[in-house]
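The structure appears below as C-alpha cells.
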Amino acid sequence: MEVSLDDLEVLEPDAEVLLEFLTRMEFRSLTKRIADGLGVAAPVLPDTDPRGAAPVGQDLPAMPPIDRSAYSVVRDAETLQGWIAQAMARGEVAIDTETTGLNEMTADLVGVSLATGPNMACYIPLIHKAEAGEGLFGSDALAPGQMALEAALALLKPLLEDASVLKILQNAKYDVKILARYGIDVAPIDDTMLMSYAMNAGLHGHGMDALAERYLGHSPIPIKDLIGAGKSQITFDRVKIDAAAPYAAEDADVTWRLWKTFKPQLHGAGVTTVYETLERPLVPVLARMEMAGIKVDRDVLSRMSNAFAQKMAGLEAEIHELAGESFNVGSPAQLGEILFEKMGLPGGQKGKTGKYATPADVLEDLATEHDLPGRVLDWRQLSKLKSTYTDALQDHINPDTGRVHTSYVIAGANTGRLASTDPNLQNIPVRSEEGRRIREAFVADQGKVLVSLDYSQIELRILAHIAGIEALKQAFREGQDIHAATASEMFGVPLDQMTSDVRRQAKAINFGVIYGISGFGLARNLRIPRAEAQGFIDRYFDRFPGIKDYMEETKAFAKSNSYVQTLFGRKIHTPEINAKGPGAGFAYRAAINAPIQGTAADIIRRAMIRMEAAIDGLPARMLLQVHDELLFEVDEGAVDPLIARAREVMEGAASPAVHLDVPIVVDAGQGPNWAKAH
DNA sequence: CATCTCACG
DNA sequence: ACGTACGTGAGATGC
C-alpha cells in the first residue's frame, strides 16, 4: 500500500472516498496530511486502534447517549446528602470544579459537579452572582438558590477525602489544587487525561473535548458558549446557573464515561503499571510543588530590566547608525531587508513566507563580514532576557505569596517529560553569563537555602545501558569525563593530551547519537563539511558498534509496532514511522530518542514520587523539576541531611524495577539563590 | 493566529 | 533528489 501526496492530483475527484478509505485503514496521520493538503476536513470515524482505547460502541458497557435534561441542580443540603450517599455507596464518583479562572492559585471555586453514572450528574452552584435586578446589593450579590459555600464543602469534604471512594477527574491536578485551597485533600484519584496519555501518548491529544469526541462520539458544550471570548469574556460566576448547570454536569458525566471506557483498557494496552506508578502518583506531588512556588525577588528583576533597557537603547542607536536608517531591530523581516538587500551581505535564505530568515547562527557567520550582525545578536539576547524573564516573571509573582507558581503539564510531552507553563520555569537562562544572573532573583526564603540536585549525564548513561556499549559503560563506572573518553576512543588522543576542541566535537557527537544522528545535523552543529561529519559518525559506529544495532533495532521495532518503549514500559506511539515522505525521517529520529529521553523522564518521576516520604521530617520542600534537576528549599541547618536523602532517592530511583549496568550519579549544589545552587 | 526566534534539558 | 539533529514554552511581529 503506497500512497503519496503526488497521487492526489489524479485522485482528487474522489478525494472523499480516498480519505474515508485511508481513515478506515487507520492511516490517520497520512489522512490528515492529505486532507490538509486538499483543504478539506478529514473524516471522523470511531477509533479502531487495537492498542488504544476501544472504538465507540464496541466492547463497552452499554451507555445511554448523553442527555443533558437528565442533569439536576443541587440547591440544598438534603439533596446534596443524597448525591453523596450515592457516591459513597458506589465507591466511585466523577468530580469537576468550576472556577473563576485558569490559574489555580488565584481562581475562586464557583461550583462543583458530580457524576455517579451515565446521565446521573448534578451541578452544585456555590457563588454564582445575581443577575441585574435579582439581588438587593447590585451585581455582586449572590444569585438565590445556592447552598452556602462553607456548608456545601463541609458535606463534600468527607466524601472527597474518603479513602474508600475513588474520585474520578479529568486533569485532576487542577481540581486537586483548587480544592486544596479550600482545605480539602482529594484522594484517592483516577485521572482520565493520564489514562489516555499512558495508553496513547503520541497518537492524539488528551484534553476532555478531544477525548469526548473520539471515544464517546460526543461534543461537549464549548466553554466559550458560556463565558464568551476575548475582551468581553466573563468569569464563570457571572454565568447564569441555568446555563452553567448542563455545562458543568456534562463535564462530570463525560469524565465518568471516559473513565468507564479507559479503565478496562489499561491492562490490554499494557500500561497499567505505567499509569499506576508513573502517572497517577505524580498528581499530588506536583500539586504540592506548584502550590509551594519559589520566591522571586522583584527588585533584582526590576534593576536588571532597567539595565537591559539602557544597553538595548545604546545598541539600537549603533545598529541604526550602521544600517544608515532607522528600523525595527526586533523585526526579522526588516532586518533581513537591511542585511541581504541594502547591504548585500551573502547567505540570505528566504523562508516559506517569502521573507529572509535571520537566525542566530546565520548572524554569527555574517559577523565576520560586518559589525551590524553582532550588534543585533547582542540586542536580541538582551531583548529576550528582558521581555521573557526580567519583565514577564514579575507579572507572575503571586501577590499573596510573593512567590512564582508554575504549572507542570503532565500529559504534554510525548516522551514522558513534564512541561512547565505560566510561567515556564524549565527554561530560565543558565548558558550565558548575563542570562545566568536571572537566577539570582530566584531566592530562598528567610533562614533557608536553595539546594539543587541534578543527574549527571543521565541520557548518555541510559544510552550506554540500553545499547549495551561496553566501552561507554566502563567509562561511566570509572567516573571518567565521558566526552573526553569518547574523544579518546574515537580519535586516539590520550586523555592527558585531550584538547578542548576535540572534546567539544565528541560531545556534539554524543548528543547527536541521542537525537538520532545524521551527517547533515552534525555538520550543521559543528559547522564542518557534511562528508567530514559523516566520517565522524562512521567512526563512532565503528568504535561503538552497539549504537548502530540499537538504532536499527529501534527503527525496526517502531516500524512493526508503531510505538517504542522506555525501560519502565512507557509507550510512545510513532504513527508517522511508516509514512512515506519527509515525516518518516522525523519519526525515525524521534523513535531513536524517545526511549532514552523517556527513560530519563521515568527515573526522575520515580524519584519525585518517592521523595516526599524520604525527606519527611526534614524542614525541606521540593520546589521545581527541570528534567534532570530537582530544586529544594530547606532550612539552613538541614542542608546536609536533605542532600544525603534526596541523592539516595534520585540515584536509586530506577530500582528495583530496572537494574542499570551503569551507575547513576547525582551532583548537588546549594546557595542563597538558584544561580549559586546550580 | 501563524511565523520566527530563542530560552532550557 | 531532498531535507533532517530530540523534547519543550513564550514573546514579538505582522498578516
Between E552(A) and K548(A), does at least one N-O distance fall below 4.0 Å, as a salt bridge requires? yes
Nearest whole angstrom, please: distance from the P of dC6(C) to the CZ of F586(A). 6 Å
Any N or O donor-acceptor pair under 3.5 Å from the base of dT8(C) to the side chain of R417(A)? no
Among dT5(B), dG7(C), dG9(C), which nucleotide has an atom closest to any side-chain atom of N593(A)? dG7(C)
Let's see if you can work this out: which of dC6(B), dC6(C), dA7(B) has an atom nearest to the side-chain heavy atoms of P359(A)? dC6(B)
Pick out which of R606(A), R605(A), K173(A) makes a salt bridge (charged side-chain N to carboxylate O under 4.0 Å, His left out) with E279(A). R605(A)
How close or far is atom P of dG9(B) from atom CZ of R461(A), stated in whole angstroms? 17 Å
Electrostatic pair D481(A):R503(A) at N-O distance under 4.0 angstrom: yes
Could you tell me if R589(A) sits above the aromatic ring of F586(A), with its cationic atom closer than 6.0 Å to the ring centre and no more than 45 degrees from the axis? yes
Hey, are R527(A) and E364(A) close enough for a salt bridge, meaning a charged N less than 4.0 Å from a carboxylate O? yes
Candidates dA7(B), dC4(B), dA5(C) - which lies nearest the side chain of Y389(A): dA7(B)
Choose from dC6(B), dG7(C), dG9(B) the nucleotide whose nearest atom is closest to any side-chain atom of R431(A). dG9(B)
CD1 of I462(A) versus P of dC6(C): gap in Å, rounded? 19 Å
Whole-Å distance between dG9(B) P and L630(A) CG? 14 Å
Under a 4.0 Å threshold between the charged nitrogen and the carboxylate oxygen, would E633(A) count as salt-bridged to R403(A)? yes
Its dot-bracket string being built from Watson-Crick and G-U pairs below 3.5 Å, with | for another strand and [ ] for crossing, DNA chain C has the pattern .....|||||||||.
Between dA10(C), dG9(B), dG14(C), which nucleotide has the shortest distance from any of its atoms to the side chain of T421(A)? dA10(C)
On a whole-Å scale, what distance lies between the P atoms belonging to dA5(C) and dC6(B)? 15 Å
Using the P atom as the reference point in each nucleotide, state the distance between dT3(B) and dT4(C) in Å, no decimals. 15 Å
Specify the separation, in whole Å, of atom CD of Q625(A) and atom P of dC8(B). 17 Å
Is it the case that the side chain of Y197(A) and the backbone of A413(A) share a donor-acceptor pair, with hydrogens and angles ignored and the cut-off at 3.5 Å? yes
I'd like to know if R524(A) reaches the base of dG3(C) with its side chain, counting only an N/O donor and acceptor under 3.5 Å. no
